[in-house]
Amino acid sequence: MGHYLPDEEKDLLLRIAEGDELAFGLVFRAYYPKLFTFISRMDPRGDDVDEAIQETFIRVWLSRDQLPGILNFRGWLYTIATREAIAIMRKNLLKQRTSDRLLSTPPVLSGETPADLTQARQIRELVEQAIARMPPGRRRIYQMSREEGLKPAEIASRLGLSVSTVKNTLVTALQDIRKFLLANGQTIPLLIILLVY
């Protein structure tokens, strides 16, 4: 995993602002281990750390038009990551104290607008719709991978399929989701779909 100089980072941020998914992937891979360490100090639960990082990079992509004007990207990124980690910790605390009925509205923190929350919710709803539209076999394999966390070899063994068939089906499922999002006006990088959904 290479590192780049500040000038190269500025170039990558400009490319992301223009919708360059390759540049987005490079920045994600460069900052992921740093953010993982940073957020782990706040919340030791691994699943929550990953969720916070995923939500952080969704915010980066949704706010990509602001990137050329950000002087301290690292500080800006860490501020978002802190906010997302706190939101997840609050959510978990609420789960312990209240009923599911009271959790239908997530907490709105300073700096995160209702429009941001609405767009993120809309993306998740569209992904769920795309999954529901898949042929049953494809949907089952996708859900076994994403929801149960099974590896392609484990899915292949359970369903009596070849590993290559399972992998190809997962690729097709991701393409289905991507096409459905694009058809509904959401240009989300495949990297985010792969990691978050």
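Here the structure is a predicted model, which means the values were calculated and not measured.
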Under 3.5 Å, which donor-acceptor pairs link side chains of residues 12-20 to any protein atom two or more places apart or in another chain?
| residue | atom | partner | partner atom | Å |
| --- | --- | --- | --- | --- |
| R15 | NE | D20 | OD2 | 3.0 |
| R15 | NH2 | D20 | OD2 | 3.3 |
| D20 | OD1 | L22 | N | 2.9 |
| D20 | OD1 | A23 | N | 3.0 |

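- Between Y31 and the options F57, F36, F73, a ring-ring contact (aromatic ring centres under 6.0 Å, His included) holds for only F73.
- R178 places no side-chain N or O within 3.5 Å of a backbone atom of Q175 that could act as its donor or acceptor partner.
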- Message: Assess the residue pair I155 and T169 against the criterion (side-chain contact (heavy atoms from CB on, under 4.5 Å)); give the C-alpha distance rounded to whole Å, side-chain angles, the decisive distance to 0.1 Å, and a yes or no.
- Response: CA-CA 11 Å; I155 297 171; T169 301; over 6 Å; no
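- When all heavy atoms of A153 and V163 are compared, the closest pair comes out as CA-CG2, 4.0 Å.
- In this structure the side chain of T165 never reaches within 4.5 angstrom of the side chain of L159, judged on heavy atoms.
- Of all heavy-atom pairs spanning P152 and L170, the tightest one is CG-CD1, 4.4 Å.
- Under the side chain to side chain contact (heavy atoms under 4.5 Å, CB included) rule, L77 has a single partner from I70, L35, T82, which is L35.
- Under the side chain to side chain donor-acceptor pair (under 3.5 Å) test applied with D176, the options R139, R138, R133 reduce to a single match, R138.
- Rounding to the nearest 0.5 Å gives a distance of 14.5 Å between CZ of R59 and OG1 of T79.
- The distance from the CD atom of E51 to the CD atom of E84 is 9.0 Å, given to the nearest 0.5 Å.
- Residues that satisfy the salt bridge (Lys or Arg N to Asp or Glu O under 4.0 Å) test with R158, not counting sequence neighbours, are E148.
- Between F24 and F28, the two ring planes are parallel [angle under 30°; tilted spans 30° to 60°].
- Atom CH2 of residue W61 and atom CD of residue E21 lie 5.0 Å apart, to the nearest 0.5 angstrom.
- Among all heavy-atom pairs drawn from K34 and A30, the shortest one is CE-O, 3.7 Å.
- Counting heavy atoms from C-beta on, the side chains of I80 and R83 come closer than 4.5 Å.
- Contact detail for I39 and A52: the closest heavy-atom pair is CD1-CB, 3.9 Å.
- A cation-pi arrangement is present between R74 and Y78, with the terminal nitrogen or guanidinium carbon under 6.0 Å from the aromatic centre and inside a 45° cone about the axis.
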